[in-house]
Amino acid sequence: MRDRRHAEIAGGGFTGLTLAAALAQRGWSVRVHERAAEIRAFGAGIWLWENGVRVLNAIGAADEALTGCTEAPDWRSWDRHGRLIDSIAFGRPYSRVFCLPREQLLQAILNTARRAGAEIVTGSKAVAARPGGELLTADGTSHPADLVCAADGVNSMVRDSLDLVARRHSHIDGAIRLLVPHVASDYDERESIRIKEWWRGSRRVLYTPCNRDVFYICLTMPARDKEAAAVPVRKEVWRRSFPHLESIIARFGEEGRYDRFVTTHLKRWGQGRVAVLGDAAHSMSPGLGQGCGTSIVNALALANMLEEDADIPTVLRRWEARQRPLAEHTQRWSRITWPLIPWPAWCARAYYNLPVGASWIARQRRRPSEHIVYGTEDMALWMPPEGALEVTPHGQRGVT
Ligand SMILES: Cc1cc2nc3c(=O)[nH]c(=O)nc-3n(C[C@H](O)[C@H](O)[C@H](O)COP(=O)(O)OP(=O)(O)OC[C@H]3O[C@@H](n4cnc5c(N)ncnc54)[C@H](O)[C@@H]3O)c2cc1C
């Protein structure tokens with residue numbers, strides 16, 4: 001007999017590890033199964049909005065995750081003639097955006113989970129769950145638990161073992177993501193910390209600063225545009241579309257990763273003692289940069305709600321009823337907002353700058369980042385330790 005509640009979690013990504021940290025901090029014994037040989041994120045950057053920062057702060061991972069990264073002041077996009085399409089200012093209190101390498105974020109959450117006592121098992125592939133409270137792994141072992149969590153990503157095997165998918169939509173577009181090294185000549189104090197996007201036909205180049213060493217490039221294109229979607233990136237193809245970005249394109253390495261965007265809707269976010277979280281439950285296109293933010297918000301909310309009631313199936317139903325409407329709002333607005341691949345630039349410009357409704361649209365887009373995570377209502381905003389950010393929103397270099 002265990003003397004404390006026990007969780008078995010499939011998936012050592014952002015969601016599984018955040019949940020592991022939060023549960024272990026609340027006295028649970030926790031085991032995470034990661035199918036890969038090590039816990040590692042691929043080489044790309046990630047935007048983390050205020051809601052995600054709040055989660056990191058609550059579990060004690062914010063300082064480690066965000067030290068040295070960039071707080072972006074704004075985002076701008078231009079058409080092929082250099083005309084502005086859209087511009088969004090970020091800032092306090094609820095719409096700060098931090099940009100950092102994925103690996104830095106993942107390692108900070110992993111370290112937090114380990115410090116809290118979570119057990120992390122790599123090379124362990126989860127294949128199914130049973131609603132009564134069992135996780136089955138590929139080696140044939142059954143792991144009994146009070147709570148079983150499927151946080152094994154968009155193609156979740158554990159979720160599919162329970163036949164929970166209602167709809168999966170493969171979008172017409174996808175993206176290649178990679179990290180690119182900075183060189184000294186990039187570094188204009190004010191310009192280099194802006195998030196920028198250039199449009200040409202249905203191709204886009206999104207530049208996101210991460211820190212002094214690297215920036216993150218996200219190349220977006222329709223899936224049918226095979227030459228643009230090829231990995232390693234075919235530099236001559238992208239040069240043809242964006243000749244003015246030659247100095248950046250020349251530095252692209254071999255290691256980019258391509259993903260087609262997928263939006264997932266489930267019949268239910270779990271069954272019995274099994275909860276489905278993160279991309280497994282609500283993958284979305286990256287229009288708002290909120291897939292990870294939404295996932296870790298829901299993980300922390302679940303850990304907090306489990307503190308209030310011992311009956312796990314009841315808590316899971318309440319948790320879904322509480323969190324799902326905002327997750328679906330985020331999926332919807334991610335799809336509406338960006339990248340508008342089939343839209344010509346003039347049309348997108350008109351949409352983004354509608355004289356009527358623009359502030360309503362902006363509020364819909366901000367809603368996920370303004371969300372106060374369940375159980376953190378009394379927590380103050382995270383503020384970087386003195387000198388911890390690479391660059392301040394006002395363009396002054398920080399001291400790391
Ligand atoms: C182009 C693009 C840009 C994005 N940009 C942003 C952004 O800027 N900000 C943001 O918030 N979100 C962004 N996202 C979304 C974000 O990447 C995801 O929402 C996030 O990674 C989900 O985390 P997760 O832990 O649920 O899933 P994953 O990150 O997929 O992690 C799942 C983990 O489970 C493991 N696993 C898989 N199957 C098994 C198994 N059977 N057994 C055991 N382990 C298993 C995997 O190896 C992996 O470690 C973006 C997505 C895309 C496609």
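Positions are given from 1 along the sequence. Whatever order the structure lists ligands and atoms in, that order sets their numbers, starting from 1. Nothing here was measured: the structure is a model prediction, and the numbers come from that model.
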**Item:** His6 and Glu8: side chain donor to acceptor below 3.5 Å
**Value:**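 Side-chain D/A pair, His6 to Glu8: present.
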**Prompt:** For Glu328 and His282, does a side-chain donor sit closer than 3.5 Å to a side-chain acceptor?
**Reply:**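 Their side chains do not contain a donor-acceptor pair, so the 3.5 Å distance test is not met.
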So which bit of [X] gets within less than 4.0 Å of ligand 1, heavy atoms only: side chain, backbone, both or neither?
{"X": "Ala36", "value": "neither"}
{"X": "Ser156", "value": "neither"}
{"X": "Ala151", "value": "backbone"}
{"X": "Ala10", "value": "neither"}

Within the structure, does [X] bring an N/O atom to less than 3.5 angstrom of an N/O atom in ligand 1?
{"X": "Phe261", "value": "no"}
{"X": "Glu34", "value": "yes"}
{"X": "Cys292", "value": "yes"}
{"X": "Val154", "value": "no"}
{"X": "Asp259", "value": "no"}
{"X": "Lys125", "value": "no"}

**Request:** Show which atoms of ligand 1 fall inside a sub-4.0 Å distance from at least one heavy-atom site of Gly278.
**Result:**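 Those of ligand 1 that fall under 4.0 Å from Gly278 are 26 (O).
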**Request:** Can you label the angle between the Phe215 ring and the His182 ring as parallel, tilted or perpendicular, going by 30° and 60°?
**Result:**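 Correct class here is tilted.
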**Request:** Look at atom CD of Glu254 and say whether more than 12 heavy atoms of other residues, nucleotides or ligands are closer to it than 6.0 Å.
**Result:**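 Open: at most 12 neighbouring heavy atoms sit under 6.0 Å from CD of Glu254.
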**Message:** Against ligand 1, does Ser285 come closer than 4.0 Å with any heavy atom?
**Reply:**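 The answer is no, since Ser285 has no heavy atom less than 4.0 Å from ligand 1.
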**Asked** Which is closest to atom 14 (N) of ligand 1 by heavy-atom distance: Met284, Arg102, Met157, Arg257?
**Response**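 Nearest heavy atom to atom 14 (N) of ligand 1 lies in Arg102.
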